[in-house]
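What follows is one structure encoded as structure tokens, with my remarks underneath.
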There are 2 protein chains.
Amino acid sequence: MPKVGMEPVRRKALVDATLRAVGDRGSLTVTMSEIARHAGVSPALAHHYFGSKEQLVIETIRSLLRQLRADAVAALKAATTPRDRLSAVIRVNFQAHQYAPETVAAWLAFYSEAQRSEEVRRLLVVYARRLNSNLLSSLKQLCPAGAASDIADGAAAMIDGLYLRQGLKSAPVSIESSIALTEGYVQAQLAAVAGSRTPDAAKQPPA
Amino acid sequence: MPKVGMEPVRRKALVDATLRAVGDRGSLTVTMSEIARHAGVSPALAHHYFGSKEQLVIETIRSLLRQLRADAVAALKAATTPRDRLSAVIRVNFQAHQYAPETVAAWLAFYSEAQRSEEVRRLLVVYARRLNSNLLSSLKQLCPAGAASDIADGAAAMIDGLYLRQGLKSAPVSIESSIALTEGYVQAQLAAVAGSRTPDAAKQPPA
DNA sequence: TTTTATTGATTGATCACTCAATTAAAAATA
DNA sequence: TATTTTTAATTGAGTGATCAATCAATAAAA
């Protein structure tokens, strides 16, 4: 059975299996055996390629982050105006595969793990900073820097909060509603800032 | 050593110890031994009074919820106008002991646990509903019901999101900033609603 | 004498992780 | 080409540690 060049295939399968398993159980208490079963290999092989469960989890988070970044880059490329880019950043976070219950559950578990693992915390901080930074770079072209910073903080918090509530599966806020709420926030904040200076500067969000 | 009437004392000590221990470790992987040590009793006694770790955790969440409700009731009693009550609801969630790093870490862990334990999920849903309901009852007196519902959803999400980010300890948003961001949100939303109907209805948030 | 509080010692289960052994492909050698 | 050697992939069968949960025993208050 040993076919050469299996390493990248197995690594990917195991990372995907980890995301699925953690998403299903909704917690990092999944066992290596369970993950390995999802990936169709023995637990020993998972250890062979990743050394430890913690490393496997970290690679899984890295993979999620890569995916999210790729999506963001693609979405930003399609947008032209700052206002469009702002909406694109918001939309990306609520894209179907990011907002799927298992993905949300996995994120939740990772946040909890961040309290114990410094490396996991670092990765989540990277995510948080990137979200802020993406929002901020567009906002700074739409309003003064001070206001832009506040609006970015608020929007980022709202996005994360909508994720959290999605994880509870009780207050079913749809993808569209989540986007609408976040858009409504930035829109009203921009209008408020513009209103206090040049009262006609408020623009409509792109349909 | 056996003094009669210890049960309520021990129960409280163990619940408090659980919150502290979970907050410290930032996860429910704390052992019963650790919790018991925090409470100054043997692990066996914790099992004696609570039967299982899960029950102890559930009682701990209930206790957090009771505390939060009591704070909310007290804050609402002091407020007179709907606008004041709205601000009071917001402020309560960021009160010092609710927003302390260990408390935030504990909430995080509970959210993660909600994916596995139906009972924990139910309790967190109670919290989420109560927050929405508290916001909504004030908002409905300040704007039309439809808008009020959206604003309540948005504010609740923002509050939860600010908690989440507090848990990462990297984007240190102070209590005051968190309150200001949430107030800024409801204020701008109310202004937007009012502006589209009676342009002078927007009010300042209470200082 | 009964009841309540309390614990040390133990048990049984669960896991992450290790390791020696196996298989077959690839590379080197004859 | 045929044969041997090396290397990569893979796993079954452990090992040791950790923990929740149990229970019988003890101590003192009622």
Side-chain angles (χ1 to χ4, degrees), chain A residues 1-22 24-61 109-110 112-113 115-120, chain B residues 1-22 24-61 109-110 112-113 115-120:
Chain A
M1 292 153 189
K3 242 191 202 150
V4 124
M6 280 289 105
E7 175 155 359
V9 177
R10 297 306 190 200
R11 290 188 90 99
K12 182 172 183 331
L14 282 163
V15 162
D16 290 353
T18 304
L19 186 60
R20 246 179 307 136
V22 171
D24 281 358
R25 277 267 185 294
S27 133
L28 289 190
T29 57
V30 281
T31 67
M32 284 298 255
S33 301
E34 222 168 324
I35 293 171
R37 198 175 333 119
H38 273 252
V41 298
S42 73
L45 196 67
H47 276 99
H48 174 66
Y49 282 127
F50 289 92
S52 73
K53 186 178 166 188
E54 162 127 40
Q55 268 312 306
L56 176 51
V57 166
I58 284 169
E59 287 304 320
T60 303
I61 300 176
F110 296 148
S112 175
E113 178 71 5
Q115 308 291 325
R116 228 163 343 110
S117 160
E118 182 55 33
E119 180 78 5
V120 169
Chain B
M1 293 147 191
K3 241 192 204 150
V4 125
M6 278 291 106
E7 176 156 357
V9 177
R10 296 307 190 198
R11 290 188 90 98
K12 183 172 183 334
L14 282 163
V15 162
D16 290 353
T18 304
L19 186 60
R20 247 180 305 135
V22 171
D24 281 358
R25 276 266 183 295
S27 134
L28 289 190
T29 58
V30 280
T31 67
M32 284 296 257
S33 302
E34 222 168 324
I35 293 172
R37 197 173 336 116
H38 273 253
V41 300
S42 75
L45 197 67
H47 275 100
H48 175 65
Y49 282 128
F50 289 92
S52 73
K53 187 178 165 187
E54 161 127 40
Q55 267 312 306
L56 176 51
V57 166
I58 285 170
E59 287 304 320
T60 304
I61 299 177
F110 295 148
S112 176
E113 178 71 4
Q115 308 290 325
R116 232 165 339 111
S117 161
E118 183 54 33
E119 180 79 4
V120 170

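Letters go in sequence order (proteins before strands), and every chain restarts at 1.
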> Heavy-atom distance under 4.5 Å between the side chains of B:H38 and B:D24, does that happen here?
Replying inline: yes
> For the pair made of CG in B:L45 and C1' in D:dA20, what is the distance, rounded to whole Å?
Replying inline: 15 Å
>> From C-beta outward on A:A44, which listed nucleotide comes closest to its side chain: D:dT10, C:dT7, D:dT11?
In response: D:dT11
> Can you check the A:M6 CE to C:dA24 P distance for me, whole Å?
Replying inline: 15 Å
> Which of these nucleotides, C:dT6, D:dC19, D:dT10, is closest to any side-chain atom of B:T31?
Replying inline: D:dC19
> Just how far, in rounded Å, is P of C:dC19 from NE2 of A:H48?
Replying inline: 14 Å
> To the nearest Å, how far apart are A:R10 CZ and D:dT11 P?
Replying inline: 7 Å
>> What is the distance, to the nearest angstrom, from the CE atom on B:M32 to the P atom on C:dG12?
In response: 20 Å
> A:V4 side chain: which of C:dT6, D:dA30, D:dA8 is closest?
Replying inline: D:dA8
> B:Y49 has a side chain; which of D:dA20, C:dT6, D:dA9 sits nearest to it?
Replying inline: C:dT6
> Which of these, B:T60, B:L28, B:I61, B:V30, sits in a side-chain contact (heavy atoms from CB on, under 4.5 Å) with B:T18?
Replying inline: B:T60
>> Nearest 0.5 angstrom please: B:E7 CD to B:H48 NE2, how far?
In response: 7.0 Å
>> Need one value for B:V30: base, sugar-phosphate or nothing, where a base atom within 4.0 Å counts as base even if backbone is also close, heavy atoms only.
In response: sugar-phosphate
> When the distance from CD of B:E34 to C1' of D:dA21 is rounded to whole Å, what number comes out?
Replying inline: 17 Å
> Between A:F50 (CZ) and C:dC17 (P), how many Å, whole number?
Replying inline: 13 Å
>> Between C1' on C:dA5 and CZ on B:R11, what's the gap in Å once rounded to a whole number?
In response: 14 Å
> If you check every side-chain atom of B:K53, which of D:dT10, D:dA20, C:dA16 has the closest atom?
Replying inline: D:dA20
> CZ of A:R25: more than 12 outside heavy atoms within 6.0 angstrom?
Replying inline: no
> Considering only side-chain heavy atoms of A:H47, which listed nucleotide, C:dA16, D:dA20, D:dT10, is closest?
Replying inline: C:dA16
> Taking B:F50 as the fixed residue, which of B:V57, B:I35, B:L56 is the one that meets the side-chain contact (heavy atoms from CB on, under 4.5 Å) rule?
Replying inline: B:L56
>> If you only use heavy atoms from C-beta on, which nucleotide in C:dA16, D:dT10, C:dT7 is closest to the side chain of B:S42?
In response: C:dT7
